[in-house]
Engineer: 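Before I ask anything, let me first share the structure, which is written out below as C-alpha cells.
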Amino acid sequence: MGSRMLKAARLNGESFRELRDDPSATAQSVSIIAIVGLCYGAGLGLFGFFIAGISTLEILIVTLIGLLAAILIAIIWSGTTLLIVTKLFGRRVGYWGLTRPFFFSWTPGLLFVLMSAPIPIVFEIVRATSTVWIGISSVFAVKNTVGISTQQSLLTFITSAVSIIFLGTIILSLIQFLIIR
C-alpha cells in the first residue's frame, strides 16, 4: 500500500492504471480516504488546541468531522467524476475501477496532519500545498485511469469541484435554516 501511495503522489500514470484493474486495492483506497480525513481533522483540531486552547473532546469531535467529511466528499466527488467521464466523454469504466485510483490520488492529504504546527503560516502553507497536490494528482488519476486528455480531466475536476461547492452550500444553508428556526 505504501509503495502505491508513493507512486500516486508522484503522479505515476502506470500506477493509476494498475489500481484501476486491481480489485484487491479497493479496501486500501477506502482506507486512504479515511486516513486523510483523520489527518485533516487531527491537524485542524490540534492547531485549535495550540492556538485557541480547545479541549480534548473538541479535538476528537473535529477529527471525527474531518473523517466523515472526507468520506462524504470522496463519495460525491467520485460519483460526479464517474458520471462525467461515462456520460459526457463516453468512457467505459466501473465505479470501483475509477474510484480506486481516484482515492489513491488523495495520498498527499496525509500531510494535513502537519497543520497541527502552532504557527498560522505553517498551517496555511500545509493546507494549501496538500490541497493543490491532491487536485493535481486527481486530475492525473482520472486522465490515466479512463484515457482522456489532460484538458478533459481538468474539465471533469472543475465540474466536480463546482458541484461539491454547490451541494455543500445548499446543505449548509439548510442546516443553518433548521438551526435558526
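Atom set for the values below is all heavy atoms of this structure, side chains included, hydrogens, waters and symmetry mates excluded.
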Engineer: Report the distance from atom CG of L167 to atom CD1 of I73, rounding to the nearest 0.5 Å.
Structural biologist: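 It comes to 11.0 Å.
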
Engineer: Pick from L83, T80, I84: which one makes a side chain to side chain contact (heavy atoms under 4.5 Å, CB included) with T156?
Structural biologist: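 For T156, the side chain to side chain contact (heavy atoms under 4.5 Å, CB included) test succeeds with only one of L83, T80, I84, which is I84.
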
Engineer: Check the pair M1 / I32 against side chain to side chain contact (heavy atoms under 4.5 Å, CB included), numbers first and verdict last.
Structural biologist: CA-CA 9 Å; M1 182 170 154; I32 288 171; 3.7 Å; yes

Engineer: Any sub-3.5 Å donor-acceptor pair from W77's side-chain atoms to S160's backbone N or O?
Structural biologist: no

Engineer: Where do R10 and K7 land on the side chain to side chain contact (heavy atoms under 4.5 Å, CB included) test, with the steps shown first?
Structural biologist: CA-CA 5 Å; R10 292 179 181 158; K7 289 177 183 176; 5.7 Å; no

Engineer: Look up atom CG in L67 and atom CG in L72, then write down how far apart they are to the nearest 0.5 Å.
Structural biologist: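 Here the interatomic distance stands at 11.0 Å.
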
Engineer: Minimum heavy-atom separation for L19 to R4, with atom names?
Structural biologist: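 It is CD2-CD, 3.7 Å.
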
Engineer: How many angstroms lie between CG in L174 and OG1 in T169, if you round to the nearest 0.5 Å?
Structural biologist: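 Nearest 0.5 Å value for the CG-OG1 distance: 11.0 Å.
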
Engineer: For R20 and P101, which heavy atoms make the closest approach, and how far apart are they?
Structural biologist: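 Taking every non-hydrogen atom into account, N-CG, 3.7 Å.
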
Engineer: Judged by atom type as modelled, is there a donor-acceptor pair below 3.5 Å linking the side chain of S105 to the main-chain atoms of F102?
Structural biologist: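 Yes, the answer is positive, given that a donor and an acceptor are paired below the 3.5 Å cut-off.
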
Engineer: Any chance you could measure T63, atom OG1, to L46, atom CG, to the nearest 0.5 Å?
Structural biologist: 6.5 Å

Engineer: For the side chain of T26 and the backbone of P23, is there at least one donor-acceptor N/O pair under 3.5 Å apart?
Structural biologist: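 A pair under 3.5 Å: yes.
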
Engineer: Looking at every non-hydrogen atom in both residues, tell me the closest pair between F104 and A25 and how far apart they are.
Structural biologist: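 Closest approach of F104 to A25, heavy atoms only: CE1-O, 4.0 Å.
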
Engineer: Within the distance-only criterion (no hydrogens, no angle test), does the side chain of S153 pair as donor or acceptor with the backbone N or O of V139 below 3.5 angstrom?
Structural biologist: yes

Engineer: Verify the cluster assignment for V162 and I134: are they in a single hydrophobic cluster under the rule of side-chain heavy atoms below 4.5 Å apart?
Structural biologist: yes

Engineer: Enter the distance from C39:SG to L44:CG here, rounded to the nearest 0.5 Å.
Structural biologist: 12.5 Å

Engineer: How long is the gap from OG1 on T145 to CG on L82, to the nearest 0.5 Å?
Structural biologist: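 One gets 11.5 Å once the value is rounded to the nearest 0.5 Å.
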
Engineer: For E14, does the CD atom have more than 12 heavy-atom neighbours from other residues, nucleotides or ligands under 6.0 Å away?
Structural biologist: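 It does: E14 CD has more than 12 such atoms within range.
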
Engineer: Any sub-3.5 Å donor-acceptor pair from S31's side-chain atoms to Q28's backbone N or O?
Structural biologist: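 Answer holds: yes.
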
Engineer: I need the single residue from T56, I54, V62 that forms a side chain to side chain contact (heavy atoms under 4.5 Å, CB included) with F49. Which is it?
Structural biologist: I54

Engineer: Can you tell me if F89 has over 12 outside heavy atoms packed within less than 6.0 Å of its CZ?
Structural biologist: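 Counting other residues, nucleotides and ligands, CZ of F89 exceeds 12 neighbours.
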
Engineer: S78 and Y95: which non-hydrogen atoms are nearest, and at how many Å?
Structural biologist: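 Shortest heavy-atom separation between S78 and Y95 comes out as OG-OH, 2.9 Å.
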
Engineer: Can you tell if the side chain of F47 reaches within under 4.5 Å of the side chain of P120, non-hydrogen atoms only?
Structural biologist: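 In short, these two side chains touch, coming nearer than 4.5 Å.
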
Engineer: Side-chain contact, heavy-atom cut-off 4.5 Å: W133 with L111?
Structural biologist: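 The answer is yes; the side chains approach within 4.5 Å.
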
Engineer: Return yes if some donor-acceptor pair links the side-chain N/O of R91 with the main-chain N/O of V85 below 3.5 Å, else return no.
Structural biologist: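 No; zero donor-acceptor contacts below 3.5 Å.
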
Engineer: Report yes or no: does T129 contribute a side-chain atom to a donor-acceptor pair with the main-chain N or O of V126 at less than 3.5 Å?
Structural biologist: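 No.
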
Engineer: Provide the closest heavy-atom pair for V93 versus G97 in the form atom of the first, atom of the second, distance.
Structural biologist: CG2-C, 4.0 Å

Engineer: Just wondering, do F16 and V142 contact through their side chains at under 4.5 Å, heavy atoms?
Structural biologist: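 With C-beta onward as the side chain, the pair stays apart.
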
Engineer: Shortest non-hydrogen contact from R100 to D22?
Structural biologist: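 That would be NE-O, 3.0 Å.
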
